[in-house]
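Step one of this worksheet: look at the structure below.
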Amino acid sequence: MKDNLFKKIYPKRVIDRVDAKIKLLGVNNHYDLFKVLNFRIIISLVFLILILLASDIGYILAPVVAISFYYLSEFLLLDYPINKRSKRLEKEALFFFEVLLLTLESGRNLGHALNLTTTNVDSELSSEFKKTLAEVKLGKSLNEALNDMKKRIPSEAINNAILNMVESNIFGNSIVVSMTNQIDFLREKQMLEVKAEINKLPTKVSIISALFFVPIMLLIILAPVLIDYIVS
């Protein structure tokens, strides 16, 4: 009843977008779809009313601040944490998939290999696979559970690995070969990211230098002139 009421208030595209983003925060997130939607709209209205009452130019400022908060809150509550989670999962993925590959090479099928890997690897990605295996125990097929898991993973690289698992199950491709390729891809991706960060260092150093050293140099150069001006 309550959900049906909210569905009439908010456009379906907004509900679907926010719901998809909440799922990308993973199984451990505590966000509720309609609490997030209500928080954004209520706080935006509070800002609108307060600024209208407090400022002489509130009729100009209030809509700008309210609309800015409405869109910025989605970034702060959802987009930014999703981006951070994607990077965190990709760092965990390399070790997780390497352990999974070793388990697969020992002759176990994918379901048993995932169960053994999640038992021995403690990470956020492992928790997602545990959730997937729990859904299999409740009656879903492994392929269905893996496809649902992709909706909770914000990383394209990890989702490609999951897709390869599903395709290997369906078409009988070698899961070992596909996992080896995904591990190589993840390793190369991480190396490129490290190199990109190293390449950014000179720029960061230049900015810090400009902020701290240039004013000091200007002060040293102009100090005699300023002293003469003050004395005279």
Side-chain angles (χ1 to χ4, degrees), residues 13 15-33 36 77-194 196:
R13 59 183 178 78
I15 293 174
D16 290 344
R17 185 184 74 246
V18 175
D19 187 43
K21 288 183 178 182
I22 289 174
K23 287 177 181 176
L24 289 175
L25 291 172
V27 294
N28 296 323
N29 91 83
H30 303 293
Y31 282 179
D32 176 80
L33 170 61
V36 171
L77 291 173
L78 299 173
D79 294 334
Y80 180 69
I82 287 170
N83 186 47
K84 285 186 67 176
R85 183 169 187 260
S86 175
K87 293 177 181 178
R88 187 168 64 249
L89 288 176
E90 287 185 1
K91 288 180 181 178
E92 298 174 353
L94 186 57
F95 178 68
F96 182 89
F97 288 138
E98 284 176 340
V99 175
L100 178 62
L101 179 60
L102 290 173
T103 313
L104 288 166
E105 287 175 340
S106 68
R108 291 175 172 81
N109 64 35
L110 180 59
H112 289 158
L114 283 171
N115 189 44
L116 188 60
T117 304
T118 54
T119 302
N120 290 282
V121 178
D122 183 20
S123 67
E124 191 173 349
L125 182 59
S126 182
S127 297
E128 291 293 342
F129 276 103
K130 284 178 183 176
K131 168 71 173 176
T132 298
L133 294 172
E135 291 176 349
V136 172
K137 288 180 181 178
L138 292 174
K140 283 186 180 181
S141 71
L142 181 58
N143 289 343
E144 287 175 335
L146 286 170
N147 281 324
D148 287 342
M149 179 182 170
K150 287 168 60 181
K151 297 174 183 177
R152 305 192 302 269
I153 302 295
S155 165
E156 186 177 347
I158 296 174
N159 280 335
N160 285 337
I162 296 171
L163 179 61
N164 285 334
M165 293 179 195
V166 174
E167 290 180 345
S168 296
N169 266 348
I170 295 173
F171 302 112
N173 303 333
S174 173
I175 184 68
V176 172
V177 173
S178 62
M179 285 306 304
T180 301
N181 292 335
Q182 286 303 314
I183 289 170
D184 290 341
F185 174 77
L186 282 167
R187 187 178 289 113
E188 185 178 351
K189 188 173 187 290
Q190 288 187 12
M191 286 296 297
L192 290 173
E193 288 174 354
V194 170

Flag side-chain contact, heavy atom, 4.5 Å: E167 against L163: yes
Verdict with supporting geometry, L25 and I82, side-chain contact (heavy atoms from CB on, under 4.5 Å): CA-CA 6 Å; L25 291 172; I82 287 170; 3.7 Å; yes
Sole candidate of T103, L142, V166, N115 that passes side-chain contact (heavy atoms from CB on, under 4.5 Å) when paired with L110: L142
N120 CG: over 12 foreign heavy atoms closer than 6.0 Å: yes
Reported CG-to-CG distance for the pair N164 and N169, which is rounded to 0.5 angstrom: 11.5 Å
Heavy-atom side-chain proximity of L133 to K137 below 4.5 angstrom: no
Inter- and intrachain pairs under ring-ring contact (aromatic ring centres under 6.0 Å, His included), touching residues 140-181, at least two apart: none
From NZ (K87) to OG (S155), nearest 0.5 Å: 12.0 Å
Test side-chain contact (heavy atoms from CB on, under 4.5 Å) applied to K151 and D148, step by step: CA-CA 6 Å; K151 297 174 183 177; D148 287 342; 3.9 Å; yes
E156 side, atom CD; K150 side, atom NZ - distance, nearest 0.5 Å: 10.5 Å
Qualifying ring-ring contact (aromatic ring centres under 6.0 Å, His included) pairs with a residue from residues 85-138, counting only residues at least two apart or across chains: F96-F129
Contacts of type side-chain hydrogen bond (donor to acceptor under 3.5 Å, both in side chains), residue N181, not counting sequence neighbours: none
Inter-residue atom distance L89.CG - N159.CG, 0.5 Å rounding: 10.0 Å
OG-CD1 distance between S86 and I153, expressed to the nearest 0.5 angstrom: 9.0 Å
Residue list, side chain to side chain contact (heavy atoms under 4.5 Å, CB included) with E144, at least two apart or on another chain: K140, S141
For the student: nearest non-hydrogen atoms of L33 and V18, plus distance: CD1-CG1, 3.6 Å
Sequence neighbours excluded - salt bridge (charged side-chain N to carboxylate O under 4.0 Å, His left out) pairs with any residue from residues 96-118: E98-R187
Short side-chain to backbone donor-acceptor contact, N147 and N143, under 3.5 Å: yes
Selection residues 124-134 - residue pairs positive for salt bridge (charged side-chain N to carboxylate O under 4.0 Å, His left out), sequence neighbours left out: R85-E124, R85-E128, R88-E124, E128-R152
